[in-house]
Number of protein chains: 2
Amino acid sequence: MSSQLTPTARVILGMLRLGARTGYEIKQAIDVSTRFFWSASYGQIYPELHRLQERGLVRAEPDPRGAVRRISYELTEAGQGALHEWLTDGGLHTFELRDEGLLRFFFGDLLSRDEVVQNLRAQQAFCDHVLEQFRGIEPQAKTGFVDETQVYPYLALTYGIELISWMRDWCERTAAQIERGELPSTDG
Amino acid sequence: MSSQLTPTARVILGMLRLGARTGYEIKQAIDVSTRFFWSASYGQIYPELHRLQERGLVRAEPDPRGAVRRISYELTEAGQGALHEWLTDGGLHTFELRDEGLLRFFFGDLLSRDEVVQNLRAQQAFCDHVLEQFRGIEPQAKTGFVDETQVYPYLALTYGIELISWMRDWCERTAAQIERGELPSTDG
DNA sequence: GAAGGCATGTAAATCGTTACATGATTTA
DNA sequence: TAAATCATGTAACGATTTACATGCCTTC
């Protein structure tokens with residue numbers, strides 16, 4: 001068994017350890033960094049913070065910054081232990097992909113050549129869109145998302161950029177091949 | 001709005017169109033093909049088939065092959081229409097990734113250099129494992145998963161092989177860089 | 001005759017998103 | 001003063017996995 005931490009607990013503890021303090025800050029950090037491979041919504045974050053507190057993995061205290069009601073969290077010893085244990089347990093890890101573009105491509109035999117090409121162009125455009133988002137994030141990532149002492153978030157971003165670039169290229173290459181008639185298509 | 005079809009309905013209709021007949025056959029087809037980017041379990045497939053029948057997208061009839069109780073489905077006109085509509089609606093499509101290895105890497109600043117390298121090696125081993133599975137599928141894919149007239153399922157498989165190979169390479173490259181000390185690490 | 005695969009299904013639990021509700025503060 | 005943003009939360013819904021239940025058929 002790999003870890004007692006729920007999926008959302010894993011990002012939460014990690015983000016707290018990197019310097020995020022409130023549920024709101026955790027969500028912000030996720031939205032500019034891990035959301036492409038590990039997302040979470042308020043509907044998960046706030047209840048999970050309560051559960052983590054009950055389990056003694058985080059400590060909560062009202063945060064007096066400004067006058068807005070705000071709750072700050074930090075890891076307890078047990079929380080740091082659980083986080084480190086998860087980060088180093090060699091066990092099997094979640095790897096899930098849900099790619100509707102690829103599913104459509106898989107069913108390409110049910111489409112005309114033109115329709116397949118159109119779908120590939122749409123996927124390519126989607127990749128371009130994601131790459132734009134990534135490049136918008138780059139400056140923040142270089143100086144650290146949560147505070148300025150981290151380097152791995154930026155490396156993870158470059159991974160994302162290279163990966164999506166590869167996908168984009170594949171779409172382009174494949175669409176071109178189909179247009180040139182190098183790959184068949186059955187019907188419409 | 002992209003499509004009235006639930007995620008599971010999309011594979012089901014597609015697989016039926018490619019030649020699968022029963023819920024069992026659909027599940028088998030998924031498990032050797034789309035499951036890496038679009039999976040489904042019996043707990044979804046059977047209820048969804050009932051719902052699709054109620055909506056008039058599939059037609060059911062008892063299948064007399066052998067003596068085992070067995071229910072065959074085929075697409076109705078409406079079902080074929082809905083499938084084709086989904087396959088060609090240019091709208092936004094689901095693209096979701098959940099990658100725990102990458103999340104661990106993202107939190108690499110919380111680990112020692114050695115621990116990060118170990119994680120990367122584990123990810124690399126995971127990629128090797130997936131590639132083995134893919135290569136085991138290759139012969140079936142060449143001759144078609146559901147029947148022998150399709151070519152796109154095989155192309156989707158080669159996509160998967162190239163993609164995972166790229167990931168594997170990245171793990172290797174990055175682990176080597178970290179070992180050579182070209183990338184820093186904060187702590188343990 | 002036992003084991004394993006074929007075949008269909010349900011119930012419970014988990015996980016996750018979306019929409020909603022509330023209220024304070026900051027900025028235009 | 002209106003709009004946007006900060007900040008916390010809940011309820012409803014939808015999607016998915018897992019475990020269970022059943023029974024037939026084939027092979028050893």
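First the proteins, then the strands, lettered A, B, ... as listed; each starts at 1.
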Rounding to an integer number of Å, can you tell me how far [X] [atom1] sits from [N] [atom2]?
X      : N       : atom1 : atom2 : result
E61(B) : dT8(C)  : CD    : P     : 13 Å
I71(B) : dC6(C)  : CD1   : P     : 17 Å
D31(B) : dG5(C)  : CG    : P     : 14 Å
E48(B) : dT17(D) : CD    : C1'   : 16 Å
L52(A) : dT8(D)  : CG    : C1'   : 16 Å
Y46(B) : dA21(D) : OH    : P     : 18 Å
E25(A) : dT8(D)  : CD    : C1'   : 14 Å
Q4(B)  : dG14(D) : CD    : C1'   : 16 Å

Rounded to the nearest 0.5 Å, how far does [atom2] of [Y] lie from [atom1] of [X]?
X       : Y       : atom1 : atom2 : value
D99(B)  : R104(B) : CG    : CZ    : 10.0 Å
Q118(A) : I178(A) : CD    : CD1   : 12.5 Å
N119(A) : L87(B)  : CG    : CG    : 7.5 Å

Within the distance-only criterion (no hydrogens, no angle test), does the side chain of R98(A) pair as donor or acceptor with the backbone N or O of T94(B) below 3.5 angstrom?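 Side chain of R98(A) to backbone of T94(B): no pair is present.
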
Treating E115(B) as the side-chain partner and S112(B) as the backbone partner, does any N or O pair qualify as donor plus acceptor under 3.5 Å?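 Indeed, once roles are kept as given, a pair shorter than 3.5 Å links the two residues.
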
Would you say dC6(C) has OP1 or OP2 under 4.0 Å from some side-chain N or O of R69(B)?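 Answer is no, no contact under 4.0 Å.
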
Below 4.0 angstrom from OP1 or OP2 of dT8(D), is there any side-chain N or O of H50(A)? no

Along nucleotides 14-21 of chain C, 5' to 3', which nucleotides get a B, which get an S, and which get a -, given that the test is a protein heavy-atom distance under 4.0 Å? --SBB---

For Y159(B), all residues meeting ring pair (Phe, Tyr, Trp, His ring centres under 6.0 Å), sequence neighbours excluded: W166(A), W170(A)

Collect all protein-nucleotide pairs involving nucleotides 4-6 of chain D in which both atoms are nitrogen or oxygen and the distance is under 3.5 Å.
{"from": "dC6(D)", "atom 1": "OP2", "to": "Y24(A)", "atom 2": "OH", "distance (Å)": "2.7"}
{"from": "dC6(D)", "atom 1": "O5'", "to": "Y24(A)", "atom 2": "OH", "distance (Å)": "3.4"}

What class does the angle between the rings of F126(A) and H129(A) fall in, given that below 30° is parallel, 30 to 60° is tilted and above 60° is perpendicular?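 Tilted, since the angle between the ring planes falls between 30° and 60°.
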
With salt bridge (charged side-chain N to carboxylate O under 4.0 Å, His left out) as the test, would you mind laying out the steps for R10(B) and E100(A) before giving the verdict? CA-CA 9 Å; R10(B) 311 207 244 269; E100(A) 195 170 348; 3.4 Å; yes

Of the options F107(B), F105(B), F106(B), which is the one that meets Y152(A) in a ring pair (Phe, Tyr, Trp, His ring centres under 6.0 Å)?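 That would be F105(B).
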
